[in-house]
There are 2 protein chains.
Amino acid sequence: MLTYPKTELNKVKRGTKRAVYDVEQINHILDAGFIGFIGCNYNGKTITLPMAYGRIDNKVYLHGSLKNRMLLALIAAKEASMTVMHLDGLVLARSGLHHSVNYRSATLFASVRKVEDPEEKKTALKCVVDHMIPDRWETLRPMNTKELNATLVLEMEIQSASAKIRDEGVVDEKSDLELPIWAGIVPLKQVAKLPVRDALLPKQLKTPKHVVTYYKKNKT
Amino acid sequence: MLTYPKTELNKVKRGTKRAVYDVEQINHILDAGFIGFIGCNYNGKTITLPMAYGRIDNKVYLHGSLKNRMLLALIAAKEASMTVMHLDGLVLARSGLHHSVNYRSATLFASVRKVEDPEEKKTALKCVVDHMIPDRWETLRPMNTKELNATLVLEMEIQSASAKIRDEGVVDEKSDLELPIWAGIVPLKQVAKLPVRDALLPKQLKTPKHVVTYYKKNKT
């Protein structure tokens, strides 16, 4: 089992029994979503913004306009940290203190590089689009040079990471178990609703397989 | 209409037509969730972590253990920024460039204060629990002094904020509209599944109204 070494930076300090350093488990968390939260230092203040990402092996790709303030700041800093979280349920305990959530959260620490090579940029952008919905890129009108030149692509190479996962029931004080207070889990899930066709689509154009597959996989 | 003044800090730089400074709209985004992403500076590196929050007027409350590294860092810094995002849909365009997501995202800039007064701490913790699921706190075993003393409570007073909202269909290049490529929206939503009772609950204890109401409101 490949794991990220524990360092002062990635070591989980609170709730260590829920800490995960396993590369495969962390990759699973990354691959279950496509929006990450990235912090950057702006005039001494820390701002966090959501960004779409894609992953290939130990590389995570971000993109934006050439003037994207956050991407430019990360490129200048040569490093970045990103957190991805999936909320899986409300944990409703008998006391306020033991209320919690079930979740999977991963935090990456990465070196940052601006991607300049056009072919490498295309590969990165394909990865971001296919991360959002698998197998979409190959159905699209190919990206042209003007678009490629107007897109800033950033590669994060993961140097270190850790995750926290809570996936269990209510943990209450023994002395509270007799109380007539309802306790339990309310599972939460992000689901897809029926795809809505663009109004300008030709009537005969059917919903393609990759969209139907995504919908069926995520509808409940 | 009350709005946050635009400053160098909160002004949306990219996609300004989607920028929102209206206090009520930003509060709506905050109240639609209870997990925020907070950045903090740790030895010169920026780390973002998810935290549960609750809101009362222009105050946002966080809590954790007395040793919570992030909360202690925010108290020391006397300021914090938090971002809350709701993902509402995939925007599948005819070209890679115009792929996007529908979302509501708010970023707050706040002054930070440690809450010391026990009654004020209780009010803040009630707010955090009831933000997760309304009307729960009053059904719980009251918090005791030992628990209260073991909980760090932080108040963020919002000084400035901005939001971005995308809530529209596909925006493609005119020259791409004739292409035989499927385009449209896949709406996404966080839903609640059927509540799972704690195994140790007495059989006669029915699911309370606030849990049933939450489930019914969020099941689809």
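A, B, ... follow the sequence lines: proteins, then strands. Residue 1 opens every chain.
Taking CG of A:L92 as the reference point, atom CD1 of B:I133 lies at 5.0 Å (rounded to 0.5 Å). The CD1 atom of A:I38 sits 11.0 Å away from atom OG1 of B:T46, with the distance rounded to the nearest 0.5 Å. Atom CE in A:M85 sits 13.5 Å away from atom OG1 in B:T48 (nearest 0.5 Å). With rounding to the nearest 0.5 Å, the separation of CG in B:D176 from CG in A:L200 is 12.0 Å.
Proximity to chain B (any heavy atom under 4.5 Å) is restricted, for A:S65, to the side chain, taken from C-beta onward. Contacts between B:V129 and chain A at a heavy-atom distance below 4.5 Å involve the side chain alone, from C-beta outward. Proximity to chain A is limited to the backbone of B:S100, based on heavy atoms less than 4.5 angstrom apart. For B:N41, the parts lying under 4.5 angstrom from a heavy atom of chain A are both the backbone and the side chain. Interface remark: B:T151 contributes side-chain atoms only to the contact with chain A (heavy atom separation under 4.5 Å). In this structure, no portion of A:V84 lies under 4.5 Å from any heavy atom of chain B. Contact of B:M132 with chain A is made through backbone and side chain together, with heavy-atom distances under 4.5 Å. Only the side chain of B:F109 comes within contact range of chain A, with at least one heavy atom under 4.5 Å from a heavy atom of that chain.
When each of B:L194, B:L9, B:L179 is checked for heavy-atom pairs under 4.5 Å with chain A, B:L9 comes out on top. Ranked by heavy-atom pairs shorter than 4.5 Å toward chain A, the options B:A93, B:S105, B:G89 are led by B:A93.
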task: Starting from the C-alpha separation in whole Å, work towards a yes-or-no answer on side-chain contact (heavy atoms from CB on, under 4.5 Å) for B:Y42 and A:E8.
output: CA-CA 10 Å; B:Y42 177 70; A:E8 193 49 35; 3.0 Å; yes
Extract all donor-acceptor atom pairs below 3.5 Å that involve side chains of residues 204-215 of chain B and protein atoms in other chains or at least two apart in sequence.
unit_1, atom_1, unit_2, atom_2, d
B:H210, NE2, B:R136, NH1, 2.9
B:T213, OG1, B:K209, O, 2.8

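Interface residues of residues 71-83 of chain B toward chain A, defined by a heavy-atom distance below 4.5 Å and sorted by number: B:E79, B:S81, B:T83. Below 4.5 Å, heavy atoms of chain A meet heavy atoms from B:V170, B:E173, all part of residues 159-173 of chain B.
For residues 186-202 of chain A, the set of pairs meeting the side chain to side chain donor-acceptor pair (under 3.5 Å) definition, not counting sequence neighbours, comprises A:D198-B:R94.
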